[in-house]
Amino acid sequence: MNRLAALRAGYARPSGGFLAQPEPRSIGAYARGRQLLSGTYLLAGQLVEAPRRSLWEVEPPSPAFAAEAQGFGWLDDLAALGDAAGRDRAQRWTAEWIARYGRGRGPGWEPQLAGRRLIRWVNHAPLLLQGRDEAEVNAWLRATTRQLVFLARRWPKAAPGLPRFEALAGLIHAGLALEGMERHVDPAVTALARDCTDEIDAEGGIASRNPEELLEIMTLLLWAEQALQGAGREALPAHRSAIQRIVPVLRALRHADGGLARFHGGGRGAEGKLDRALAGTPVLRGPQLELAMGFARLAAARTTVIVDAAPPPPGLSGHASTLAFELTSGRRPLIVCCGAGAPFGPSWRKAGRATPSHSTLAIEGFSSSRLASGGQETMADRARVLRADRSLSPEGQHLHLAHDGWSATHGLTHRRDLVLAADGRQLSGTDTLAALTGAERKRFEQLMTRGGWAGVRHALRFHLHPDVEAELEMGGSVVSLALKSGEIWLFRPEGGASLTLEPSVYLQRGRLKPRATKQIVLAGVAVDFEDRIGWTLAKAQDTPLAIRDLDREDLPDRP
């Protein structure tokens, strides 16, 4: 049906030109632009080296690679070069796309990809059309019109959420920019406002609980609002209200280094993208004490702690990360989650979703939630959060959490108590596995009897960012953590858990393979109705002034 709609869109009369001069809104990366010029194509985590072939002559190694190519996000990177070579490559590849696919045949004719592509074409129109002759400009206008008319007919077929926001934002951008296309704008504006109400909840969150996806939606809404304002129009109230609801959530999910918390398939976000989005809105409210999209935030001085304090979302993107946290000190991430493994293949995707890939406690061989691998899991498969309370005291900010992810299998509830000191120099924690009810005690006793009273093996994990240098000290009783800023943090366990420093991975989109790193592991065995592990993570010294002055990335950065 998409192909038929694309073919029929070709009968529409092409636009005669621009109503207004477009302005680039999306920002690319200079380094990626240089890679593209050299024939190094790194898309969707997969690398193809073809220095003598254009992007469209390369056989896509995966559907994700093909989709990223068809979305034209790489156009931002070529534009970032700001030179004749980048302009020539952008113009040549766009002309090749028009010749190969511009008549509605072949890949890329899906509403979300067409919307993503139109935004780039309109934003970078001056770059794409500079120095082109009349025939080439007319070919571009015909192809742009065909995509716009296709979107006007097929946007309802885009999946709800980010794909549909991309489709509608692209339709609004092109409809406002091109002569004769204004009739398509009002229906798209109305539909966008309706999706803002349907897909963004009253607290400003989305069903996927993916922070980076929320940032992408926020960016599209801001671009659409700016395009409307540039045309002398206003976004509908539901559209503006959605932006106002999202901003406090993104502020709460922003670490001190300007990156997002990496949960449920999301990454940190492109460098500076979050701050640009926050700077583009007049909403000044900061993070609130309540949960933001199911996440709790503790912050003091320039230390931030963000905790997943809700069950994972349904579907194939959720992670069993309930009660896991990340910690950032200034501009340096310290404690992280492994991240989303999808760009590295099915095995890494599965591993990245499991509880041991997050900085929290896990019972050996079990995740806190049983996540869907093909179909949909039920609510019974996901951990319920029994407690998520916070309080203040002279010692600092307290967070008290509990989930029942192992109640059905082991008769145990996981309680996590965190305290961030008022000066941000220490995070103290206590993790407890406990049989709290009569039913849980009975289930735990049955499990112990069947297992010969060997106990329940568990491990508390703290995954470290790859830039952290970790060493066991003081006879293996303390872990020293050195940051590139010069800070030293010390991790100390309390109780009888076994302390080890083990290999880990950091899964980062845009890289060819996972980055090697380390994890702190506190291993124990629960043999009674309650097993408790205490620990502290404290800053040992301040960054020397000389080092801080050299490390310009460590300067304060507030949106």
Side-chain angles (χ1 to χ4, degrees), residues 44 64 67 71 110-113 115-116 158-169 192 194-221 242-243 245-254 259-270 273-274 277 291-297 306-324 326 337-343 349-350 352-355 357-358 367-379 381-385 507 509:
E110 300 176 15
Q112 67 270 28
L113 292 180
R116 194 184 310 170
L162 180 58
R164 189 172 293 172
F165 281 111
E166 285 186 313
L168 289 169
L192 184 63
R194 184 169 58 246
D195 269 31
C196 284
T197 300
D198 294 344
E199 302 300 326
I200 300 166
D201 64 31
E203 288 74 39
I206 53 178
S208 70
R209 298 191 57 231
N210 179 331
E212 188 176 19
E213 183 177 326
L214 184 65
L215 172 60
E216 294 296 331
I217 291 173
M218 170 70 169
T219 301
L220 291 168
L221 293 179
I243 293 173
R245 297 197 306 274
I246 291 173
V247 168
V249 177
L250 288 178
R251 290 190 183 277
L253 299 179
R254 179 188 184 273
L260 284 166
R262 301 166 68 247
F263 287 97
H264 301 299
R268 289 173 39 82
K273 187 170 187 176
L274 175 57
L291 299 184
M293 203 165 72
F295 296 93
R297 174 190 174 95
I306 298 177
V307 189
D308 187 353
L316 299 175
S317 298
H319 288 204
S321 56
T322 308
L323 305 198
E326 292 190 321
C337 295
C338 289
R349 178 187 182 122
K350 181 178 180 181
R353 300 177 70 203
T355 300
S357 294
H358 301 83
S367 282
S368 57
S369 294
R370 290 180 290 172
L371 300 174
S373 57
Q376 294 287 317
E377 76 275 13
T378 66
M379 283 300 296
D381 294 324
R382 287 180 275 154
R384 292 183 304 159
V385 173
L507 303 169
R509 189 181 299 114

Can you check whether L221 reaches C196 side chain to side chain, under 4.5 Å on heavy atoms? yes
Would T355 and T322 count as a side-chain contact (heavy atoms from CB on, under 4.5 Å) here? Give the steps. CA-CA 8 Å; T355 300; T322 308; over 6 Å; no
Closest contact, heavy atoms only, P313 versus R382: C-NH1, 3.9 Å
Would you check, one step at a time, whether the test side-chain contact (heavy atoms from CB on, under 4.5 Å) holds for V249 with E203? CA-CA 8 Å; V249 177; E203 288 74 39; 5.6 Å; no
To check you understand the geometry: which heavy-atom pair defines the closest contact between A324 and H358, and what is its length? CB-CB, 3.6 Å
Is a side-chain N or O of R164 found less than 3.5 angstrom from the main chain of D195, in a donor-acceptor match? no
Rounded to the nearest 0.5 angstrom, the CD1-CD distance for I217 and E166 is 9.0 Å
Keeping T219 on the side-chain end and L215 on the backbone end, is there a donor-acceptor pair under 3.5 Å? yes
Under a 3.5 Å distance rule, please check whether R509 uses its side chain to pair with a backbone N or O of A342 as donor and acceptor. no
Those residues at least two apart in sequence (or on a different chain) that pass side-chain hydrogen bond (donor to acceptor under 3.5 Å, both in side chains) with S321 are D308
Show your working on side-chain contact (heavy atoms from CB on, under 4.5 Å) between L253 and L274 and close with a plain yes or no. CA-CA 10 Å; L253 299 179; L274 175 57; over 6 Å; no
Does A320 offer a backbone N or O that forms a donor-acceptor pair with the side chain of S369 under 3.5 Å? no
Find the distance between NE2 (H264) and CD (E213) and round it off to the nearest 0.5 Å. 12.0 Å
side-chain contact (heavy atoms from CB on, under 4.5 Å) assessment of S317 paired with N210: CA-CA 9 Å; S317 298; N210 179 331; 5.9 Å; no
Could you report the tightest heavy-atom contact between R245 and I200, atom names first, then the distance? NH2-O, 3.1 Å
Working to the nearest 0.5 Å, report the span between NZ of K273 and CZ of R268. 14.0 Å
State, yes or no, whether a side-chain contact exists between E326 and C337 at a heavy-atom distance under 4.5 Å. yes
Where does the angle between the aromatic ring planes of F263 and F295 fall among parallel (under 30°), tilted (30 to 60°) and perpendicular (over 60°)? tilted
Heavy-atom closest pair, residues S357 and G352: CB-O, 3.8 Å
Identify the two heavy atoms, one from P211 and one from A261, that lie closest to each other, and give their separation to 0.1 Å. CG-O, 3.5 Å
Restricting to ring-ring contact (aromatic ring centres under 6.0 Å, His included), what partner residues turn up for F165, sequence neighbours left out? none
Summary of salt bridge (Lys or Arg N to Asp or Glu O under 4.0 Å) pairs that have at least one residue in residues 310-320, sequence neighbours excluded: none
Do I246 and I206 touch side chain to side chain, with heavy atoms closer than 4.5 Å? no
Could you pull out the closest heavy-atom pair between H319 and G265, with the gap in Å? NE2-N, 3.6 Å
E212 with R262: basic N within carboxylate O range, under 4.0 Å: no
Measure the shortest side-chain to side-chain distance between L162 and L220 over non-hydrogen atoms and say whether it is less than 4.5 angstrom. yes
